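Only a predicted model underlies this, so the values are computations on that prediction, with no experimental measurement involved. Here is how names work: the chains are called A, B, and so on, in the same order as the sequence lines, proteins then strands, and each is numbered from 1.
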Protein chains: 2
Amino acid sequence: MTTTGIPQPPAPREYSARATEIIAAARAVYEHDGPDALTMRRLGEELGIRAPSLYKHFADKQAVETALIEQSLAEVGAVCHRVVQKTQPGERVAALLRTYREYCVAHPNLYRLATSGPIDRAALTPGLEEWAGSPWFLAVGDPYLAQALWSFAHGMVILEIDGRYEDPSTLPSSWAAGAEAFTAAARNQ
Amino acid sequence: MTTTGIPQPPAPREYSARATEIIAAARAVYEHDGPDALTMRRLGEELGIRAPSLYKHFADKQAVETALIEQSLAEVGAVCHRVVQKTQPGERVAALLRTYREYCVAHPNLYRLATSGPIDRAALTPGLEEWAGSPWFLAVGDPYLAQALWSFAHGMVILEIDGRYEDPSTLPSSWAAGAEAFTAAARNQ
DNA sequence: TGACGGCAGCTAACGTCGTTAGCCATACTG
DNA sequence: CAGTATGGCTAACGACGTTAGCTGCCGTCA
């Protein structure tokens, strides 16, 4: 990976037309009604099909969820790469954090699915995770600080999504405090 | 809450002797064998009892899990308060982060249960969450920066626990980078 | 044209899960 | 000694993921 140009995402997995429909339906259910709503029976219902028929297209429920995870990683990666590319170096940390929060809060269920709990990395498209994470490196220029910054952003987002902050109205100030700390650290890196 | 002395934790909920045994068994199963292993039937088996009998002691499975969450919050809160109290101001951020990571990584399943996913705050002992979070404020002296620091720590820990870092050997450097950034921010606060 | 094979649906069913209803023995308590 | 609360039990329900096995349709090729 060079630091010039936008790293290209790995080629997305190919799905049949019907499988693509299933993924779209699964995403709609998952995003609107939450994790517990996505059952094989409900998913079939959404498509005018019985649950066992889904197994003609996907090995199991986990495979459907993996497709959703990959969609989410690809989207968030694209959004982050774009903002890093079109921002001045000194503004990158703040801009990246702002963009990340915006995307993640807009897709809370999908984001939680993609980033929480153990993951079967072998089932994921190789390179996708790394590509989705590289904007953080581009923003601060140091791999360790990048990992710390991404962890901060993830912590902020996931705790917000899960409603763990007692007073959410304080969140903008906390984002600002974190952005300032990491921007300063990136400067002195 | 004043900033002098150690804030006392709220009084823990009272449980009958049998309920306490059940919680202990649930914790053992949950910590050793993970979230999926804790079923009502398995929990009963562990106690030489049938699953439906558990409902004589707890309203539902969620109530058992809430007890585990409260245990975890109380423990991690105690550990953090202790380290903040016995550390010099300039070293508090680093020491607190070190301690937090140590506890959480030692109890990964419990930590994930206590901090991930939506929470039924009404079912929690009032004040427990706030008390468990106050060491972060004591470490940096600013509520917003404290929230940011805690979010950073949570992000680092939960991603480590869930195996989301491609190369875990880089983690100490990332913790160090984050500690430095937040220590500097707390100084200039 | 007609046989064939595979794709994509179906029903029936299995085992596991949380949970409820209802029964019964033991042990306090009046 | 009667009565009641406590804490077990079995049987069962509905929802879940998943499998087995059947069927109808459609394109291909002799």
Phosphate OP1/OP2 of dC10(C): any Ser53(A) side-chain N/O under 4.0 Å =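 Looking at the OP1 and OP2 atoms of dC10(C), one of them is under 4.0 Å from a side-chain N or O of Ser53(A).
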
key: Below 4.0 Å: OP1/OP2 of dT11(C) and any side-chain N or O of Arg50(A)   =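 True: Arg50(A) side-chain N/O within range (under 4.0 Å) of dT11(C) OP1/OP2.
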
Please set out all donor-acceptor pairs under 3.5 angstrom arising from side-chain atoms of residues 34-41 of chain A, sequence neighbours excluded.
from, atom 1, to, atom 2, distance (Å)
Thr39(A), OG1, Arg42(A), N, 3.0

Side chain to side chain contact (heavy atoms under 4.5 Å, CB included) involving [X] - partner list, sequence neighbours excluded:
X	answer
Gln62(B)	Asp60(B), Glu65(B), Thr66(B)
Thr170(A)	Asp167(A), Tyr144(B), Gln147(B)
Pro10(A)	Thr125(A), Leu128(A), Trp131(A)
Glu45(A)	none

side-chain hydrogen bond (donor to acceptor under 3.5 Å, both in side chains) partners for Ser151(A), two or more places apart =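 Scan of Ser151(A) (side-chain hydrogen bond (donor to acceptor under 3.5 Å, both in side chains), adjacent residues dropped) gives Tyr165(B).
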
ask   = What pairs with Tyr15(B) under side-chain hydrogen bond (donor to acceptor under 3.5 Å, both in side chains), at least two apart in sequence or on another chain?
value =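 Result, side-chain hydrogen bond (donor to acceptor under 3.5 Å, both in side chains) vs Tyr15(B): Arg13(B).
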
message = Under the rule for salt bridge (charged side-chain N to carboxylate O under 4.0 Å, His left out), what residues qualify as partners of Glu166(B), not counting sequence neighbours?
response =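 With sequence neighbours excluded, Glu166(B) shows a salt bridge (charged side-chain N to carboxylate O under 4.0 Å, His left out) to no residue whatsoever.
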
request  = With sequence neighbours left out, write down each residue that passes salt bridge (charged side-chain N to carboxylate O under 4.0 Å, His left out) with Arg50(B), or none if nothing qualifies.
outcome  =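 So Arg50(B) forms no salt bridge (charged side-chain N to carboxylate O under 4.0 Å, His left out) with any residue.
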
ask   = Lys56(B) has an atom NZ; how far is it from atom C1' of dC24(C), in whole Å?
value =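 After rounding, the gap between these two atoms is 10 Å.
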
key: Rounded distance (Å) that lies between atom C1' of dC7(C) and atom CG of Leu54(A)   =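 Rounded to the whole Å, the gap is 15 Å.
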
query = Is it true that Trp150(B) and Phe137(B) have ring centroids separated by less than 6.0 Å?
reply =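 They do not qualify: ring centres at least 6.0 Å apart.
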
At a cut-off of 3.5 Å, list every protein nitrogen or oxygen paired with a nitrogen or oxygen from nucleotides 16-19 of chain C, distance to 0.1 Å.
from, atom 1, to, atom 2, distance (Å)
dG18(C), OP1, Lys61(B), NZ, 3.0
dG18(C), OP2, Met40(B), N, 2.9
dG18(C), N7, Arg41(B), NH1, 2.9
dG18(C), O6, Arg41(B), NH2, 3.1
dT19(C), OP2, Tyr55(B), OH, 2.9
dT19(C), OP2, Lys61(B), N, 2.9
dT19(C), O5', Tyr55(B), OH, 3.3

request  = Give the first and the last nucleotide of DNA chain D, reading 5' to 3', that has any atom under 4.0 Å from a heavy atom of chain B.
outcome  =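 Result: dG7(D) to dA12(D).
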
ask   = In residues 22-31 of chain A, what residues come within less than 4.0 Å of DNA chain D, judged by heavy atoms?
value =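 Nothing qualifies; none.
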
